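Here is the structure we will look at.
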Amino acid sequence: MTPHLSGLNPVQLQAVEALDGPVLVLAGAGTGKTRVLTSRLVHLLATARAMPSQILAVTFTNKAANEMRHRVEVMLGRPVEGWWLGTFHSIGTRILRRHAELAGLRTNFTILDADDQVRLLKQIMAAEHIDDKKWPARVLMGVIQRWKDRGLLPEQVTAGEDSEVANGGALNIYRQYQERLRTLNAVDFGDLLLLNLALFKSRPDVLEDYQRRFRYILVDEYQDTNVSQYLWLRLLAQGHRNICCVGDDDQSIYGWRGAEVGNILKFEQDFPGAQVIRLEQNYRSTARILAAASGLIAHNQDRLGKTLWTETRDVEPGEKLRLRSVWDGEDEARFVGEEIEALQRAKQPLAQTAILVRAGFQTREFEERLMTLGVPYRVIGGPRFYERQEIRDAMAYLRVVNQPDDDLAFERVVNLPRRGIGDTTLRAAHALARAKRVSLTTACRELAQTDELKPAARRALSGFLNDLDRWRAAVDRMAHPELAEMVLEESGYVAMWRESKAAEAPGRLDNLKEMIPAMAEFESLAGFLEHVSLVMEATTESQGDMVSIMTLHAAKGLEFDTVFLPGWEEELFPNRRTLDEGGAKALEEERRLAYVGLTRARRRVIITHAQHRRVFNAWIACLPSRFIGELPADEVELDGAPGLAPAGQLGRAASDDAPTWRSPPRWQQPRGFGRSNPPLIEGSAREIDATPTSRFASGARVFHQKFGYGTVAGVDGDKLDIEFDKAGRKKVMDSFVQRATA
DNA sequence: AAGGTTAATGTTTTT
DNA sequence: CATTAACCTT
């Protein structure tokens, strides 16, 4: 047997060897998915079934693509040249650049990021007199993005779908937005796929060429594809029909970004005669963790159904999951910190420990605690290098040099540092640009020729345009890192920070210095700019033995010995806002997120829920997440102070009490209703929807569990301003205090 | 054109 | 509370 096939279990082997025809591999968490993917690619190449250039392998992240490339090359023992391996977006870009002129673009088109998109939209909305207050640009952006996710160009959006947003003007804005992008010789992320679709539609000959080319297509994380990606794949696969999609419907957590679980659920209908292979043997987690995760995810309706199992099931089930009830966020961080120190004392590597949270803001308390304890940690997915202000500014300079029509970049730097090109000048330029349907640079050039501007402004503008011309002339005769250095110096941008007295100025200069050598890795300025647009993340993988803190979304695909899952509370997780927006479907996605969290753990899971949390400036009572109630009781042990734990919750579905997502959380229901626990704290029932009026008036003596006795100093709806005897003046929810008894 | 003040607004975010 | 964007004043 060939070496790349050895060590695979029978089902994995089946998945690797099923090369022809449509194949769906349902790969549960920890079942060796990556192994199968890479082996399949190696199998294709090793058996010479396909040349590298005939293989299309698509992933969602650059990380996944890089890992796949690396593992295939290691297994094969040689580098692979010329294959189409990359993210949906990078391959979409590659195809689009080859045929740019057919899509109304030039080859050097710019890829805009979310920030630029919003700024562009704001401009269009302002011109259309749409109230930014009523319809924030971000919301409209979301609407447009969603259309793009579904593969819809403006002319394909049906009138009925338009009405709800921006008084029926969203489609109009979308149309203008697309027009404007073409003028700017720019695309956004959605376009990278969408314009591929349009290209394939208008030029069947081009499509046919790719259909012939890609004899074998491989797709990772298929459950996360949106409609546009799905259509793209389906078109490309129509030639040879050798498409293999790998995914796990239970790990679909990007629905809010347009991913359609439906794509994976209906694969067999889309590709008749498809083989469906289920990878169910888990090599990662203990039997207990698997049982808990399976028990939880069984509460979802929309799933293909898989049962994960492990060979050690009966022999050594592993530790029970631990459930800990804590007083508040601070207490939670303290508890997690202590547990981590205990692991440290037990000589467990910190790198095998992770804290996985629902939302980014939750990381702060853990960071603070670990910092105090001196436990090394890293936060994954924080603010990224290329999102820093100074880097974005520098990038804008380079963009505008590389592509003169990139208005958003132009606007960003035209008066940075200040060179006397202010509002008035720009307003005139904008007006001219809009009237003539040209880019801002072009408009500015024209403006500098007329005497519409005051002499000072005119001189400043001409000066800047001359600089741009000079820099552009240097693109071909200078190495791009040197060019960048020159641009940043001559523009006065670096000087601006050098002279700045701001505390963060030195740091910003350091970052700029760091950027220049990083550019040398790319063959050209354009190559560097594309990398930044498509990859965004800095390649500096910090190493060392550290605890990882990240969101559940960021944790997908990773694994750790010990996983802490804090914040398992109603409202936070499942997230209230998500539920409000997405209903029952969203609840299932939240549950999948919980499932992803549990299945990251190899040996140990510690779940916590806080009884109170500070939300902005008020304290609120929190109930344990319904997901806690959905965990099989046998697999979980209650940890710590008895009485505080949600006894009686465990092992029965908490969602029995709150069966639908619309029903209010249990603590809002009348006392004694159903099987609800009595509130842990007297008076913790709180009104949400009704306009709240406080039971208390100014001057009332009250008692608070955390802050002790105090006097009500002011009442604002259900919020009380209380002067506490010991804790000082605080704003507190009405529901959180009781009348002082003494 | 620049700086300072006030008001709004707080999930997840592979590309 | 803490951050950011919009606004208003000089």
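Hydrogens, waters and symmetry mates are skipped; everything else that's a heavy atom, side chains included, is used. Predicted, not measured: the structure shown is a model, and the values here were computed from it. Proteins come first, then strands; the chains are lettered A, B, ... in the order of their sequence lines, and each starts at number 1.
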Along DNA chain B (nearest heavy atom to each residue), the more 5'-positioned of A:Gly420 and A:Gly360
A:Gly420

Using a heavy-atom cut-off of 4.0 Å across all strands, would you classify A:Thr578 as base, sugar-phosphate, or nothing?
base

Pick base, sugar-phosphate or nothing for A:Asp224, based on heavy-atom distances below 4.0 Å to the nucleic acid.
base

Side chain of A:Thr87 only, heavy atoms from C-beta on: which candidate in B:dT11, B:dT13, B:dT15 is closest?
B:dT15

Tell me, please, which residues at least two apart from A:Ala460 pass side chain to side chain contact (heavy atoms under 4.5 Å, CB included).
A:Ile421

Write down the distance between CZ (A:Phe361) and P (C:dT3), rounded to a whole number of angstrom.
15 Å

Using whole Å, what does the distance between atom P of nucleotide B:dG10 and atom CD of A:Gln362 come to?
17 Å

Grab the CZ-C1' distance between A:Arg257 and B:dT13 for me, whole Å please.
5 Å

Mark yes or no for whether A:Asn415, through its side chain, and A:Arg419, through its backbone, hold a donor-acceptor pair below 3.5 Å.
yes

Quick one: A:Glu368 CD to C:dC1 P, roughly how many Å, whole number?
14 Å

Do the side chain of A:Ser252 and the main chain of A:Asp249 share a donor and acceptor less than 3.5 angstrom apart?
no

A:Asp580 CG - B:dG10 P separation (whole Å)
13 Å

Short side-chain N/O contact from A:Asn415 to OP1 or OP2 of B:dA1, under 4.0 Å
no

Nearest whole Å is fine: how far is C:dC1 C1' from A:Arg364 CZ?
8 Å

Give me the distance, rounded to whole Å, that separates B:dT12 from C:dA5 when you measure between the P atoms they each carry.
16 Å

For the side chain of A:Arg418, starting at C-beta, report the closest nucleotide among B:dT14, B:dA1, B:dT15.
B:dA1

Would you kindly give the CG-to-C1' distance between A:Leu356 and B:dT11, to the nearest whole Å?
16 Å

Is there a donor-acceptor pair closer than 3.5 Å between any side-chain N or O of A:Asn575 and the backbone N or O of A:Thr578?
yes

Examine distances only and state if a side-chain atom of A:Arg146 and a backbone atom of A:Trp256 form a donor-acceptor pair shorter than 3.5 Å.
yes

By nearest heavy atom, map A:Asn575 and A:Ile421 onto DNA chain B; which one lands nearer the 5' end?
A:Ile421

Rounded to the nearest angstrom, tell me the gap between atom CD in A:Glu589 and atom P in B:dT11.
17 Å

Describe the nucleic acid contact of A:Phe88 in one word from base, sugar-phosphate, nothing, applying a heavy-atom distance below 4.0 Å.
nothing

For A:Gly381, answer base if it contacts any base atom (sugar-phosphate contacts may also be present), sugar-phosphate if it contacts only those atoms, and nothing otherwise; contact means non-hydrogen atoms under 4.0 Å.
nothing

Think A:Lys454 has a side-chain N or O under 4.0 angstrom from the OP1 or OP2 of B:dA1?
no

Is the number of heavy atoms from other residues, nucleotides or ligands under 6.0 Å of A:Arg138 CZ greater than 12?
no

Should A:Thr551 be listed as having a side-chain N or O under 4.0 Å from OP1 or OP2 of B:dT13?
yes

What nucleotide, of B:dT12, C:dA5, B:dT14, holds the atom closest to the side chain of A:Lys122?
C:dA5

Looking at the side chain of A:Phe60, which of B:dT11, B:dT14, B:dT15 is the nearest nucleotide?
B:dT14

side-chain N/O A:Arg576 vs B:dT11 OP1/OP2, d < 4.0 Å:
no

